[in-house]
Structure formats: structure tokens, C-alpha cells
Protein chains: 2
Amino acid sequence: MNLNHLFLFRAVAEAGGFSRAAEQIHVSQPAISMQVGELEAQLGLALFHRLGRGVKLTAAGKLLLGYAQRLGALAVDAEQAMAEVKGLRRGHLAIGASTTIGVYLLPDLLGEYRRRYPDIDLQFDIANTEDIERRLVDGTLDAGLTEGLPPDRRELETVVFLRDQLVPIARPDHPRLKCGRKPLTLRQFCAEPMIVREAGSGTREVIDRALAKRGQKFQRPPLILGSTEAIKRAVAAGLGVAIVSHLTIQTELAAGQLAILPLAGFQLTRPLHRLCWRNRERDPAAVAFLGLLDERYPPHVQS
Amino acid sequence: MNLNHLFLFRAVAEAGGFSRAAEQIHVSQPAISMQVGELEAQLGLALFHRLGRGVKLTAAGKLLLGYAQRLGALAVDAEQAMAEVKGLRRGHLAIGASTTIGVYLLPDLLGEYRRRYPDIDLQFDIANTEDIERRLVDGTLDAGLTEGLPPDRRELETVVFLRDQLVPIARPDHPRLKCGRKPLTLRQFCAEPMIVREAGSGTREVIDRALAKRGQKFQRPPLILGSTEAIKRAVAAGLGVAIVSHLTIQTELAAGQLAILPLAGFQLTRPLHRLCWRNRERDPAAVAFLGLLDERYPPHVQS
DNA sequence: ACAATGGAATAAGATAATCTTATGGATTAC
DNA sequence: GTAATCCATAAGATTATCTTATTCCATTGT
């Protein structure tokens with residue numbers, strides 16, 4: 001007994017005859033005779049009275065018809081659910097991101113995602129690289145976006161999707177920003193009052209390494225603040241200069257609260273990584289997210 | 001997508017691997033690979049993550065598994081229901097009978113039926129031959145038992161299942177029943193005070209015809225009563241003699257309330273008919289009933 | 001009662017679906 | 001690195017299912 005047997009049986013029952021059913025579902029009449037006959041043989045029960053003029057359900061047939069209808073409807077539901085998943089009208093997407101990306105980049109991206117696929121259930125967590133990695137492996141995340149060093153897990157694919165520029169910022173009325181002034185040298189910049197994140201922060205490490213590489217260091221003890229927002233506010237308040245991700249200051253630049261300080265020959269970037277399973281099938285919801293990411297930030301495969 | 005696809009899919013999901021599933025359900029592993037692969041291709045969705053060591057459901061797979069389980073359970077229910085019908089552990093039997101049969105014969109018969117097949121839902125109506133015939137044709141009865149003349153419907157099969165003896169009865173202390181006395185002649189019997197059913201009753205017609213055929217008639221105006229029970233009581237009370245179906249007086253004979261009056265060379269029987277559809281499939285419940293009837297009263301096919 | 005008709009069953013051949021054995025390829029575990 | 005495990009693929013065999021043509025049967029109409 002399979003769905004096709006039941007489908008044909010149901011067609012006959014609802015059409016009131018083998019020939020009529022055959023017409024309606026575009027199969028030959030003997031095909032139906034055989035299938036229904038086989039079904040009856042398997043069950044050991046007559047399902048139809050053959051009246052000579054059409055057919056009529058037996059008691060067993062009436063009973064089976066109920067099951068056939070329910071089975072048919074359930075099968076249709078199942079296929080529809082699958083079609084919805086495939087067509088991104090149903091599903092779930094869980095993304096993990098580190099702080100900067102999570103705060104300054106993902107909301108926009110997920111807003112666009114929601115606009116395109118409003119029926120996908122979205123989940124979005126900010127966590128550290130280690131947690132994201134773990135949750136990718138155990139399957140609770142579909143993709144992760146991190147600014148930290150790429151993990152060396154072979155099962156995860158790491159793609160640099162964006163090079164984040166770390167830029168020096170100052171209050172817009174900083175003397176060096178008067179028109180006509182030349183860019184600062186790195187040495188001059190290091191002599192400014194500096195505001196930085198605590199040691200151990202990803203951004204701080206990048207900055208320290210870059211300065212060390214160029215043989216420079218802060219010339220005064222820096223002001224240490226625990227969040228990028230705090231640093232931006234402190235710079236805007238005139239407490240000093242800082243180096244922050246370009247991503248984080250779009251609003252303040254537009255509002256004239258902060259300005260980028262030109263620094264001669266200084267270019268500092270860090271890679272932002274997109275993490276997901278390497279050789280694993282991805283749900284359409286995840287594929288669409290990665291596609292959207294690639295669309296906004298054309299990728300460079302790294303490993 | 002058919003039940004087999006889903007069954008194999010479910011086996012894989014529940015076994016956690018293609019090979020394990022293949023073992024459990026005794027199919028080759030490639031068969032499963034192909035079926036699941038085809039299912040995935042048809043849906044356009046990956047249902048499993050291939051991990052190298054076993055497999056794991058994707059989100060789409062998890063969703064489909066629920067449907068597959070429900071469909072599987074429903075299919076099992078359907079097959080079980082059909083098996084129950086076939087095994088007479090579920091079903092319905094509607095029998096129609098004319099009065100005498102319905103009162104004096106069917107209760108016993110249906111008692112035995114209920115004992116053998118306690119799960120069959122029984123329905124049993126007393127009606128006239130015409131109604132029974134009509135209800136057989138329109139399908140509300142599975143079989144009919146009548147004492148009337150056989151209908152001439154070609155679509156109904158008429159089988160005489162019993163020859164009912166109509167016997168003369170009297171009070172046990174009737175003078176002619178004293179030991180040693182010879183049987184009455186029919187003429188003498190007709191001279192007795194007679195109790196009969198009203199004209200139009202089946203039994204009355206049989207009696208009238210039999211007497212007419214033998215050139216006899218009641219010599220006194222008979223007492224007319226509307227039911228066999230009333231006639232029996234009247235005879236037992238000594239109001240006269242009567243001719244009634246042998247079936248109806250078993251209890252009274254045993255209790256000594258009535259006696260059969262020996263009548264020389266008089267033998268009056270009428271056929272009892274079993275009616276059902278001629279060329280139509282019968283439900284197991286009906287087949288079992290007809291079987292039981294045949295068992296108790298070996299049949300003589302008439303038409 | 002008779003042929004006519006409508007509709008299901010059957011037969012035969014063709015086609016498609018599914019299975020099995022054997023083998024390849026990728027991943028994990030020691 | 002090597003062996004073991006597991007899924008995918010290939011080829012051939014088997015089975016299920018379909019189609020066309022035809023037969024059989026019950027009803028219907030005359």
C-alpha cells in the first residue's frame with residue numbers, strides 16, 4: 001500500500017467510477033483497475049461494488065476513504081512545508097557575531113534579510129569568537145561573523161568578507177584639522193593624548209602590534225575605556241584621539257561630532273571573517289544569508 | 001514522494017545513518033542512498049548532513065521527519081483498520097426480517113453471531129417484505145430474511161434457507177389428544193373452533209390456499225386475532241385450535257401449554273427466504289452472517 | 001427476450017522505478 | 001600513515017507500473 005494506490009482509490013471513490021477517475025487524473029483506465037485491484041488483493045477486501053454502471057464504496061471502502069483523504073492531505077502539507085523551506089517562506093536563521101560587527105554591521109544586514117525573507121525566523125547573538133566557533137560546531141549557529149583571528153578548525157570554512165579600516169579620530173576642531181595643515185606623522189600622533197580599549201581587546205591588540213611594528217609607542221599614558229562607544233564619546237568631548245573601526249563612526253562623521261585625522265602613510269586594516277561549516281549542506285535560509293553577505297561585500301577566499 | 005521514500009528517510013533519521021538503517025530494515029545500503037537521494041532531489045533540499053561518520057538531520061529534514069512519522073503512523077492505522085474489517089473485529093451488520101423470523105429465529109442467530117464476533121456493530125429491524133426489499137436495494141440492509149413470497153428483483157438473490165412447518169395446535173387437554181385416539185381428518189379439524197390471523201397476513205394466506213386446494217373451509221366463523229402471540233394464548237386458554245408456525249411454539253410445547261394436534265395426511269410448509277444482493281461484493285460481516293445461517297440451515301438455492 | 005451500451009477486467013508489450021552487487025571516494029580513528 | 005567506516009556511484013537485474021487493444025459483464029432500451 002502506497003500513496004499512489006490510495007490516491008487512485010480516492011480518485012475513483014470521488015469520481016464514482018474507474019473511467020471517470022481515469023479521465024480526471026489523466027491516466028488510462030486499466031492502470032486504475034490494476035492499482036485498485038492490487039490494493040484490494042493486498043487488503044483481502046473489496047473496496048468497491050461493481051455495479052455495471054459505475055461503482056459504489058463498500059463499508060471497508062468507506063472506512064479506507066477517510067484514511068486516504070487524511071493521508072493525502074498530510075502528504076500535501078508535507079510537500080508544501082518543504083516547498084516553503086526551499087522558497088524561503090519558512091525557516092530559521094541563527095547568526096553569531098562579535099561585538100563590533102554585531103553592533104555596527106549586522107543590524108543593517110539582517111534588516112535587509114528580513115525585508116527580503118520576512119517569514120524566516122531570525123536569531124542573532126553577540127558573543128566572543130570562541131563561543132561562536134563552538135556554537136557553529138554544535139549546530140546552534142548557521143554562520144558566524146568575527147573580527148578575531150581565524151580559528152584553525154578544519155571543519156569550518158573561514159572567508160574574509162571585509163577589511164575593516166582602523167582609523168585615527170579626533171574632535172572636528174582639533175588643531176591639526178584646520179584646513180591647509182599637513183597630515184600628522186605617526187610619531188606626532190603618538191604624542192597626542194590617546195584613548196584606547198583595555199589590553200586583551202581585539203582592537204587594542206591590533207593597534208599595539210601595528211605601532212610596535214613601526215617602532216612607535218604612546219608617549220603619554222593612554223586613557224583606557226571599556227567600550228568603543230565610550231571612546232567615541234570621550235574623543236568627541238575633546239579628551240584625546242583614538243583609533244577605532246571605520247564601521248563604528250559613520251553616524252558621528254555624518255553628524256560632525258567626530259573627524260578622521262589624516263596620518264601620513266598609515267593604513268591599518270583587520271580582516272573580518274565569515275565562518276560556517278566547510279563541507280556541509282546548508283539550509284536555504286543560510287545560503288540566502290551568505291549570498292546577501294557576498295552581495296554587499298564580495299568575498300576573498302582565504303582558507 | 002511516496003510512503004516508501006518517507007519510510008526509508010525515517011529509518012535513516014531514526015537509525016542515525018544509511019548503513020545502520022539498511023541493516024535494520026533489511027535492504028541494501030545503496031537502495032537507501034538512492035531513495036533518500038531522489039527524495040532530496042525532488043524536494044530540492046538536503047535532508048541530511050553527511051558527516052563522514054553517520055548523518056544528521058538538516059532543519060528541513062527535521063521538519064520532514066515529523067510529517068514522515070505522522071504519515072507512517074496514519075498508514076499503519078489504515079492498514080490495521082482494514083485488517084480489523086477483514087478479521088471481523090470491526091464492522092457493521094444490518095439485518096432485516098419479517099415478524100415471525102425476527103421474533104422467533106433471529107434473536108438466537110444474532111446471539112450466536114455476537115458471541116463469535118463481539119466487535120461487529122449489529123443492527124436488526126423487523127419490517128415487511130417490501131421494506132426489506134427496498135432497504136436491501138438502497139444498501140441500508142446487508143441481508144433480509146422473509147417468510148413472504150420471493151420478490152422478482154433480478155439484482156437480489158433469493159435462497160430458501162428453511163421450510164417452516166405450519167402445524168395445528170390445541171390445548172394439551174383437547175379431547176382428541178387423549179392417548180389412543182386416532183389423528184383428525186382435515187374435515188374434522190375444520191369443524192373445530194378456529195383462531196386465525198386477519199386476512200392479508202402471510203400465514204393466513206398460506207392456510208387459506210392450502211384449505212382451498214384440499215376443498216375445505218372453516219365450518220364456523222373463525223376468531224380473528226392480530227398477532228401470533230395472541231392466537232397462541234387464545235388456544236392455550238381453550239378458545240379453539242389454530243395453525244401456526246412451528247417456530248413460534250417451542251417454548252409453549254416444552255412448558256406443556258400447547259400441543260400439536262395430529263392431522264392425518266396434512267403437511268403444510270412455507271419457505272423462508274434469505275435475501276441479499278446477487279452479484280455484489282459482500283462485507284466480511286455479511287459473509288460471516290450468511291455463513292452462520294448456512295451452517296444452521298443448510299441452503300437450497302432456488303433462483 | 002433481444003441486442004445495444006457503458007464500464008470494468010484482462011492480456012501483452014513497453015517503460016520506468018527500484019533493488020542488488022561491486023566499487024569508488026571521503027572521513028574518522030588509531 | 002594506515003585501516004576502518006560510511007556514503008555515493010555504476011551496471012545489471014528485477015519488479016512495478018503504464019498504455020493500447022480487446023474481452024467480459026451488467027444494465028438499459030426496444
Side-chain angles (χ1 to χ4, degrees), chain A residues 1-9 11-42 46-58 61 137 152-157 277-281, chain B residues 1-9 11-42 46-58 61 136-139 152-157 276-282 303:
Chain A
M1 189 179 91
N2 61 33
L3 285 181
N4 199 45
H5 284 133
L6 293 177
F7 177 72
L8 294 182
F9 160 72
V12 172
E14 289 170 353
F18 285 55
S19 299
R20 264 186 294 279
E23 270 181 32
Q24 289 180 12
I25 60 180
H26 307 294
V27 211
S28 69
Q29 168 262 312
I32 297 195
S33 273
M34 287 187 298
Q35 293 288 322
V36 172
E38 196 195 336
L39 185 56
E40 289 181 316
Q42 282 178 12
L47 298 171
F48 293 107
H49 295 296
R50 272 71 169 177
L51 305 178
R53 213 42 131 230
V55 297
K56 192 159 159 280
L57 283 170
T58 62
V137 170
D152 60 350
R153 296 233 184 207
R154 279 169 307 286
E155 64 266 41
L156 296 183
E157 179 188 82
W277 276 87
R278 182 184 298 282
N279 293 317
R280 192 165 289 195
E281 301 296 336
Chain B
M1 189 178 92
N2 63 33
L3 286 180
N4 199 45
H5 285 135
L6 293 176
F7 177 72
L8 294 181
F9 161 71
V12 172
E14 289 169 354
F18 285 55
S19 300
R20 265 186 294 279
E23 271 181 32
Q24 290 179 12
I25 60 180
H26 306 295
V27 219
S28 69
Q29 168 264 312
I32 296 194
S33 274
M34 285 187 299
Q35 293 289 323
V36 172
E38 196 193 336
L39 185 55
E40 289 180 316
Q42 281 178 13
L47 298 171
F48 292 107
H49 295 296
R50 272 71 168 175
L51 304 178
R53 206 42 127 229
V55 298
K56 192 158 160 280
L57 284 170
T58 62
L136 272 169
V137 170
D138 73 18
D152 60 349
R153 297 231 185 210
R154 283 170 305 285
E155 63 266 42
L156 297 183
E157 177 188 81
C276 58
W277 275 86
R278 182 185 298 282
N279 293 316
R280 193 164 290 192
E281 301 295 337
R282 291 170 192 148
S303 73

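The chains referred to below are lettered A, B, ... by the order of the sequence lines, with proteins before strands, and numbering in each begins at 1.
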The single option from A/V12, A/V27, A/L8 that satisfies side chain to side chain contact (heavy atoms under 4.5 Å, CB included) with A/Q35 is A/L8
Whole-Å distance, B/E157 CD to D/dA26 P, equals 13 Å
Please report the distance, rounded to the nearest Å, between CH2 in B/W277 and P in D/dA26.
13 Å
Expressed in angstrom and rounded to an integer, what is the separation of A/N4 atom CG from D/dT15 atom C1'?
15 Å
Does D/dA26 have OP1 or OP2 sitting under 4.0 Å from an N or O in the side chain of A/R50?
no
Nearest whole angstrom, please: distance from the C1' of D/dA16 to the CE of A/M1.
17 Å
Value in whole Å for how far the P atom of D/dA21 lies from CD of A/Q29:
14 Å
Among D/dT17, D/dA8, D/dC6, the one nearest any side-chain atom of B/S19 is D/dC6
Ignoring hydrogens, what is the shortest heavy-atom contact between A/F18 and A/Q29? Give both atom names and the distance.
CB-CG, 4.4 Å
Contact boundaries on DNA chain C for chain B, cut-off under 4.0 Å to non-hydrogen atoms
C/dT18 to C/dA29
Starting at the 5' end of DNA chain D and moving along, which residue's nearest nucleotide shows up first, A/H26 or B/R280?
A/H26
Interatomic distance where CG belongs to B/L51 and C1' belongs to D/dA8 [whole Å]
15 Å
Given atom CZ of A/R53 and atom C1' of D/dA26, what is their separation to the nearest angstrom?
8 Å
Rounded off to whole Å, could you give me the CZ-to-P distance for the B/R278 and D/dC25 pair?
15 Å
Quick one, which residues of residues 30-39 of chain B touch DNA chain D with a heavy atom under 4.0 Å?
B/P30, B/S33
